[in-house]
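Report on the structure given below.
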Amino acid sequence: MSTQIIKSNGFTNESLEWKAWLDVIEIDHATPKQIKVLEDSHPKAKTSDYYLFLVHQPEILEQRSAAFNAIMYAPGGLSRAERELASTVVSRINGCVYCASVHAQRFEQLAKRNDIIQQVFDNPYTAGTSDRERAIIQFSIELTKSPDTISASHIEELKKYGLSDGEILDLIHSIAIFAWANRLMLNLGEPVFP
Amino acid sequence: MTDINRDTIDRLVGIDHSSNLYITRHQRDKVAHATQGSEIGLFDPNLPGLSLQERLLAALLACHVTPNEILKQEYLDRLATIGTPRALIKTIIDGHFEILESKRLEAVMRFTHTLITDPIRADRTALLKLKEAGLSTPEIVTLAQLIAFISYQIRLAAGLSAMKSLER
């Protein structure tokens, strides 16, 4: 797909690679359990440093991948594009350039637009092309930065812009899973730029 | 005693089986199941490598500095159950990592603190300090997954607590 390249504040929507800082599992030496967990985690996991590193602990990766895939790909509820938007915002706030690039691209593929990605990379605090989008983005920032301050009024604000209980749950999941994902990507390796 | 058969998030947030929030949450049962499964795996007493006490102390510190009082109390309770000395817990909550007898535990606590409060500073140098302190690669994977999972668990609990307070 022909994508307009966005670069802002060190973030980009280009395709990046990622390399681990410590030793990864060599696929030829992987146990049958490790192979199975890799295959269930991601179509390209067997050639990805990220999965080949995490599979040092296959049972933990297995559960993490089950949670991640159920949150990001389950049908119904919050649209997949809005889940990807929340993930991109969280990654922008946490400073995870690699995750931001992957999920910006997924958003663009699903939503067929990238105006909001430019805004999120420029300044997430003012980003949003509609009231609903701004509400999703603000909530993503606040739950990421200050989970101890989240209260009923934050949920009311989301409802005001049309989010149902099920959509709000999906949004919370999409934000929370990137508190997890960003910390792995940031502390175990680094992005490789084209 | 806590009911170990009950989902931790439902129990700590106080989500009753009869509530609308329970129905909403369990429409995404795969997520609830994998969340609980992750917790069970990360705190499996038989997991080789990092001791259960080291893992629970890292979880405690993560909840203390974020902060999240409900989860902090949960990990305090679990530390008490395995007989962790109160003085050790106090040293960690007070952030006096330099006086810890175990240099390995000191390295684990410093890494946890950085990854929770300022994830972008948890860089290559921070990671290599764990290697220098004697942690194996699988132990480092466990620690990274544990801290990252607690970051997730805290935000999930915070979001669901807010949804619950609106239901009342």
Side-chain angles (χ1 to χ4, degrees), chain A residues 21-25 53-57 59-71 74 76-77 90 94-96 139 143-144 146-156 159 164-166 168-173 175-190, chain B residues 20-21 23-25 27-31 33-42 44 47 49 66-69 111 114-116 119-120 122-124 126-128 131 136-138 140-142 144-166 168:
Chain A
W21 285 323
L22 298 176
D23 50 304
V24 300
I25 294 283
F53 186 69
L54 294 179
V55 84
H56 277 290
Q57 292 292 12
E59 284 80 12
I60 295 170
L61 176 58
E62 185 173 37
Q63 295 293 333
R64 185 229 69 111
S65 294
F68 186 94
N69 292 336
I71 288 171
V90 173
N94 283 331
C96 189
F139 185 71
L143 186 56
T144 297
S146 323
D148 55 316
T149 65
I150 298 298
S151 67
S153 63
H154 292 91
I155 307 299
E156 277 176 329
K159 288 193 170 186
S164 67
D165 284 345
I168 293 169
L169 177 73
D170 286 348
L171 178 58
I172 291 168
H173 280 152
I175 296 164
I177 197 71
F178 275 79
W180 188 342
N182 289 167
R183 279 175 177 77
L184 296 177
M185 285 289 185
L186 281 169
N187 85 97
L188 300 174
E190 63 190 309
Chain B
N20 287 332
L21 185 55
I23 295 166
T24 301
R25 179 166 188 238
Q27 278 167 352
R28 294 299 195 203
D29 218 22
K30 276 188 186 171
V31 179
H33 200 258
T35 300
Q36 187 69 16
S38 294
E39 186 196 310
I40 291 169
L42 286 161
D44 178 355
L47 189 73
T66 298
N68 183 289
E69 287 305 317
F111 186 76
T114 305
L115 191 51
I116 288 294
I120 204 151
D123 56 9
R124 190 162 193 263
L127 193 67
L128 292 178
K131 273 268 163 186
S136 68
T137 299
I140 291 172
V141 172
T142 301
Q145 286 276 25
L146 173 70
I147 301 165
F149 168 77
I150 300 290
S151 305
Y152 161 83
Q153 191 184 36
I154 286 171
R155 285 164 181 82
L156 177 57
L160 287 169
S161 295
M163 287 183 80
K164 190 192 169 195
S165 61
L166 197 60
R168 277 199 286 256

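Protein chains get the first letters and strands the later ones, always in sequence-line order, with residue 1 at the start of each.
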Let's test your reading of the structure: which of B:V31, B:T24, B:I120 forms the most heavy-atom pairs below 4.5 Å with chain A? B:V31
Side chains of B:T137 and A:D23: is there a donor and an acceptor less than 3.5 Å apart? yes
Just give me the residue among A:L171, A:I60, A:I177, A:I150 that pairs up with chain B most often, heavy atom to heavy atom, under 4.5 Å. A:I60
Would you call the rings of A:W180 and B:F149 parallel, tilted or perpendicular, taking 30° and 60° as the class edges? perpendicular
Side chain to side chain contact (heavy atoms under 4.5 Å, CB included), that's the test. Do A:F53 and A:L22 meet it? Break it down for me. CA-CA 8 Å; A:F53 186 69; A:L22 298 176; 3.6 Å; yes
Looking only at B:Q27, B:Q153, B:E39, B:K131, most heavy-atom pairs under 4.5 Å shared with chain A are made by B:K131
Under a 4.5 Å heavy-atom cut-off, does chain B meet the side chain of A:N182, its backbone, both or neither? neither
Checking B:Q145 against chain A: side chain, backbone, both or neither under 4.5 Å from a heavy atom? both
So which residue, B:I147, B:I154, B:L42, B:N68, ends up with the most heavy-atom pairs under 4.5 Å with chain A? B:L42
Turns out that what part of B:A126 lies under 4.5 Å from chain A's heavy atoms comes down to neither
Gap between atom CZ of A:F178 and atom SG of A:C96 - 0.5 Å precision: 8.5 Å
Is the closest side-chain heavy-atom distance between B:R155 and A:I172 below 4.5 Å? no
Who wins among B:L160, B:T114, B:L156 for the most heavy-atom pairs under 4.5 Å with chain A? B:L156
Taking the side chain as every heavy atom from C-beta outward, state whether A:N94 and A:R183 have any pair of such atoms under 4.5 Å apart. yes
What part of B:L128 gets within 4.5 angstrom of chain A, counting heavy atoms only: side chain, backbone, both, or neither? side chain
Heavy-atom pair count under 4.5 Å with chain A, highest-scoring of B:G49, B:G159, B:A157, B:P119: B:P119
Taking A:Q57 as the fixed residue, which of B:I140, B:L146, B:T142 is the one that meets the side-chain contact (heavy atoms from CB on, under 4.5 Å) rule? B:T142
Relative to chain B, which of A:K159, A:E59, A:E156 shows the most heavy atom pairs under 4.5 Å? A:E156
Using 0.5 Å steps for rounding, measure from the CG atom of B:L21 to the OG atom of B:S161. 9.0 Å
Side chain, backbone, both or neither: which part of B:I40 has a non-hydrogen atom closer than 4.5 Å to chain A? neither
